[in-house]
Participant: 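Handing you a structure now.
Counting starts at 1 for both ligands and their atoms, in listed order. Nothing here was measured: the structure is a model prediction, and the numbers come from that model.
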Amino acid sequence: MLQETKSITSNQISFSDFKKEVLNDYKIAKISRECSLLGRREVLTGKAKFGIFGDGKEVPQLAMAKAFKKGDFRSGYYRDQTFMMALGELSPQQFFAGLYAHADIKADPMSAGRQMGGHFATHSLNDDGSWKNLTKQYNSSADISPTAGQMPRLLGLAQASKVYRNEKSVQKNTNFSINGNEVAWGTIGNASTSEGLFFETINAAGVLQVPMVMSVWDDEYGISVHAKFQTTKESISEILKGFQRDSEYNGYEIFIVNGWDYVQLMDVYQKAATIAREEHVPVLIHVKELTQPQGHSTSGSHERYKEKERLQWEKDHDCITKMREWILEFELETQEGEILRFINSEEELILLEKEAKKEVSEAKKEAWNAYLNDIKSDLFKVVSILDNAAKKSKNGAVINKYKSDLSALKEPTRKDVLSTARKCLRYLKDENFLEKTALQQFIKNAIDSAFDKYSSQLTNESSKSVLHIAEKLPSYSQEKNIVDARVIMRDNFDALLTKHPEILIFGEDAGFIGDVNQGLEGLQEKFGNIRISDTGIREATIIGQGIGLAMRGLRPIAEVQYLDYLLYALQIMSDDLATLRYRTFGKQKAPLIVRTRGHRLEGIWHAGSPLGAIINSLRGIHVLVPRNMTKAAGFYNTLLDGDDPALVIECLNGYRLKEELPTNLGEFKTPIGLVETIKSGSDMTVVSYGSTLRLVEEAAKELHQVGIDVEIIDAQSLLPFDINHDCVKSLEKTNKLLVVDEDVPGGATAYILQEILETQNGYSYLDSKPATLSAKAHRPAYGTDGDYFSKPSTEDIFEKVYEMMHEYNPEKFKRLY
Ligand SMILES: Cc1ncc(C[n+]2csc(CCOP(=O)(O)OP(=O)(O)O)c2C)c(N)n1
Ligand SMILES: [Mg+2]
């Protein structure tokens with residue numbers, strides 16, 4: 001059953017308050033529209049590079065903003081400028097600063113100019129990286145551009161309220177929640193609901209029954225593609241009808257409302273908020289009949305693909321036009337027979353519209369001047385240095401030409417300034433005077449400060465970074481307590497769950513049976529089914545749950561059952577989690593730990609080790625590859641003392657191997673970014689990680705029998721890799737390097753080589769060609785022989801090392817073949 005809506009006039013507020021609110025809303029809508037109109041002009045005249053605006057979606061966002069409370073979270077997309085403005089979280093000046101890419105967090109609080117306009121965010125963190133009190137502010141998780149990429153995180157943001165309401169151990173964390181009363185608000189375009197992430201999230205939120213209000217802004221198009229090519233029956237609410245809750249089953253509450261109908265929208269959004277906030281039931285609001293007054297973005301015009309009739313219909317149904325008509329026509333007769341109106345004449349509205357226009361035009365000018373002044377102060381510096389340098393240089397004429405070309409630019413960029421400075425330096429290379437030094441200094445400073453503006457905050461730069469956490473060795477009891485290695489995981493998680501009440505662990509089979517390898521055995525029984533839980537088979541939204549929960553102060557450990565299935569989650573880890581700090585200039589964080597197991601078991605999809613793909617798509621996340629369960633447990637212990645996102649890959653064939661059970665569970669720490677030399681040797685340095693290390697160790701014993709002494713280094717941590725440069729210290733001694741793993745050729749081994757040879761300057765110590773030994777380029781075949789012929793074996797490692805020693809000393813090490 002779909003909800004009916006009631007008139008706003010039944011609300012218990014005085015007419016004068018109501019009138020004030022309506023006119024204020026109208027003004028916000030007009031300001032927002034004016035920003036869109038002027039914004040497009042700024043792009044078309046070349047002052048900004050790209051524009052995607054919220055015109056045509058203003059009125060429903062006013063309604064959403066009114067229902068949105070402090071502590072709530074938004075996870076939305078690029079149309080939501082009106083919503084942000086209505087909350088007071090985006091001023092017109094900030095809107096233009098973002099459009100111009102003003103690389104200063106004070107000017108563009110959304111991303112310090114890193115994201116194109118229309119990607120909204122609020123600040124969850126103080127300058128020192130600590131949390132703000134999120135219940136005292138409006139919160140918007142930072143937008144990303146991939147359509148529907150906002151959905152997985154939305155699930156976690158909503159679930160956090162449910163956890164805070166129902167899990168006693170975290171209820172004291174009042175900076176994040178007050179009794180789980182916060183709603184997570186999602187927005188998405190109609191066409192983007194075609195993405196799998198949308199359906200996966202909708203289903204999961206229905207299962208979890210979380211306070212999520214999902215708005216679909218439906219303008220019938222996704223760029224040029226009409227709804228008939230996007231959505232079955234051309235209606236998302238129609239096809240999601242089966243999700244409607246009823247007396248027998250939990251589900252959704254579904255509303256349908258026209259996006260130009262201010263009165264109905266206000267009513268629907270209030271109702272939706274109450275259902276989600278009080279009952280923790282997810283709500284879908286299908287907002288229809290929206291328009292795109294200026295087309296999709298500044299990249300094209302919609303006249304190319306919309307029929308005349310549609311264009312006319314969009315004009316007639318423009319939500320602001322309709323709101324204006326309603327304001328003009330509105331009349332209410334009191335019991336005394338008095339007629340109440342919002343305005344006495346249209347002139348009042350025209351005046352208000354003029355004010356809105358003026359405010360935006362002024363804000364635009366301010367934003368442009370602030371943006372340009374930053375660059376101009378650099379430009380003046382360079383011009384003055386070049387002016388003086390030209391007087392002294394034999395290449396004065398060329399330098400003067402560069403200088404006057406730069407001075408003539410009306411809208412210079414940092415690139416113009418720095419590129420001129422760098423080009424001119426070349427003309428001074430054979431000369432020596434003060435101005436040359438000044439130019440060199442200017443360039444160095446400019447590059448340094450550009451690093452801060454454009455490249456900082458990829459990872460945690462605060463004192464809480466896990467890279468500051470020192471190693472703490474496991475301690476052992478006198479009588480050796482040798483156990484199946486999975487027991488170490490289980491008992492260590494037990495200790496961690498006791499120590500950190502914010503930890504939640506979830507994944508496929510993670511709850512009731514305690515994961516497929518029994519690393520969580522018995523923990524659901526002990527800590528309850530909120531802290532240890534099963535999920536559906538939906539890797540992307542398992543990660544999304546983790547991101548959202550972590551953004552609200554919890555410490556999720558999201559489990560992806562096998563490394564091979566991480567590919568389902570890789571997109572959201574790459575686009576959302578890995579970029580979060582970077583794209584918010586360090587103003588948001590999600591200290592999510594992703595736990596998985598891989599490298600070696602059986603067959604094409606349970607033995608993968610695609611580390612090259614992983615590390616190259618996850619810069620911004622620590623990627624850890626422990627060789628055994630004690631090392632893995634030590635990584636979890638370290639990570640939980642910091643607040644960085646990380647992926648930990650346990651060895652799938654390691655759970656039943658024997659290890660000694662440490663006594664300081666939950667306390668010992670594996671350091672992040674440091675390698676470990678697990679065997680010293682003098683002939684060759686062999687670097688490896690994960691499951692192949694055991695083979696390298698075996699091969700080393702066999703090599704010893706033929707007089708070859710290899711040094712074995714466990715990389716342990718691929719992102720970051722060997723921050724102390726210990727590998728090169730080993731090379732100084734052995735002068736030979738082999739990197740072994742079971743990724744494809746040129747995968748993670750190529751990365752490790754680049755780190756050692758280029759970053760650490762290892763090339764200068766080599767006296768033979770550095771080599772890699774990896775798996776074959778194909779996925780691993782099934783069975784013992786499939787594994788033997790797909791992945792590096794002990795014999796392969798032995799022979800590779802032997803062959804390198806033969807090349808080095810053919811007399812001593814005669815050819816094997
Ligand atoms: C994964 C992905 N594919 C394609 C795009 C390019 N793209 C940007 S917006 C858009 C259309 C979205 O339409 P809709 O969801 O209806 O939102 P609207 O712009 O109409 O509000 C497309 C295809 C993208 N950003 N991400
Ligand atoms: Mg659309």
Side-chain angles (χ1 to χ4, degrees), residues 32-33 36 39-40 43 49-61 64 74-84 115-120 142-154 186-202 214-232 234-237 239-240 258-260 284-306 310-311 313-314 317-319 540 544 567-576 579 583 617:
S32 173
R33 175 65 59 90
S36 303
R40 185 176 174 89
V43 176
K49 296 211 80 171
F50 176 74
I52 189 150
F53 306 116
D55 47 314
K57 317 281 189 295
E58 291 90 348
V59 175
Q61 292 178 30
M64 180 166 131
R74 163 189 170 277
S75 183
Y77 80 119
Y78 49 78
R79 299 288 182 213
D80 294 346
Q81 70 197 46
T82 314
F83 169 78
M84 295 297 284
Q115 294 226 64
M116 54 173 65
H119 290 65
F120 306 109
D143 294 353
I144 60 176
S145 299
T147 53
Q150 69 273 37
M151 296 296 303
R153 149 178 27 107
L154 174 65
T187 68
I188 194 166
N190 58 296
S192 302
T193 64
S194 309
E195 293 279 9
L197 291 181
F198 175 79
F199 286 97
E200 187 175 315
T201 306
I202 290 289
M214 185 69 229
S215 295
V216 180
W217 306 146
D218 188 350
D219 56 16
E220 277 190 37
Y221 282 85
I223 310 187
S224 66
V225 182
H226 187 259
K228 63 176 173 249
F229 300 111
Q230 301 279 3
T231 310
T232 308
E234 297 181 31
S235 167
I236 195 65
S237 52
I239 58 172
L240 291 183
N258 286 328
W260 45 261
L284 176 87
I285 307 180
H286 184 185
V287 183
K288 289 173 136 176
E289 301 207 355
L290 287 169
T291 68
Q292 300 179 338
Q294 303 187 103
H296 175 77
S297 73
T298 52
S299 295
S301 77
H302 59 157
E303 285 80 7
R304 279 182 306 156
Y305 49 79
K306 285 180 188 164
R310 170 73 194 182
L311 289 167
W313 182 91
E314 291 203 16
H317 290 78
D318 182 316
C319 60
L567 295 192
Y568 276 63
L570 199 61
Q571 179 267 330
I572 210 66
M573 288 176 71
S574 179
D575 285 330
D576 196 355
T579 65
R583 73 182 195 265
S617 52

Participant: Any side-chain heavy atom of Ile52 within less than 4.5 Å of one from Arg79?
Facilitator: yes
Participant: Cut-off 3.5 Å, side chains only: do Ser75 and Gln150 have a donor facing an acceptor?
Facilitator: no
Participant: Begin with the C-alpha distance, continue with both residues' side-chain angles, and end with the deciding distance and a verdict on salt bridge (charged side-chain N to carboxylate O under 4.0 Å, His left out) for Lys57 and Asp218.
Facilitator: CA-CA 9 Å; Lys57 317 281 189 295; Asp218 188 350; over 6 Å; no
Participant: Would a distance-only check, ignoring hydrogens and angles, find a side-chain to backbone donor-acceptor pair under 3.5 Å from Glu200 to Phe198?
Facilitator: no
Participant: Let me know which protein residues bring a heavy atom to under 4.0 Å of ligand 1; chain then number is fine for ordering.
Facilitator: Lys57, Tyr77, Tyr78, Arg79, Ser145, Pro146, Thr147, Gly189, Asn190, Ala191, Ser192, Glu195, Asp219, Tyr221, Gly222, Ile223, Gln292, His296
Participant: Would you say Phe50 has more than 12 foreign heavy atoms packed within less than 6.0 Å of its CZ?
Facilitator: yes
Participant: Which atom pair, heavy atoms only, marks the closest approach of Phe120 to Tyr78?
Facilitator: CE1-O, 4.1 Å
Participant: Going by chain and residue number, what protein N/O/S atoms come nearer than 2.8 Å to the Mg ion (ligand 2)?
Facilitator: Asn190 OD1, Asp219 OD1, Tyr221 O
Participant: Using side chain to side chain donor-acceptor pair (under 3.5 Å), reason through Thr187 and Asp80 one step at a time and then give a plain yes or no.
Facilitator: CA-CA 8 Å; Thr187 68; Asp80 294 346; 2.6 Å; yes
Participant: Are any non-hydrogen side-chain atoms of Arg310 and Glu220 less than 4.5 angstrom apart?
Facilitator: yes
Participant: With Arg153 as reference, evaluate Asp576, Thr201, Ile572 under the side-chain contact (heavy atoms from CB on, under 4.5 Å) test and give the passing residue.
Facilitator: Asp576
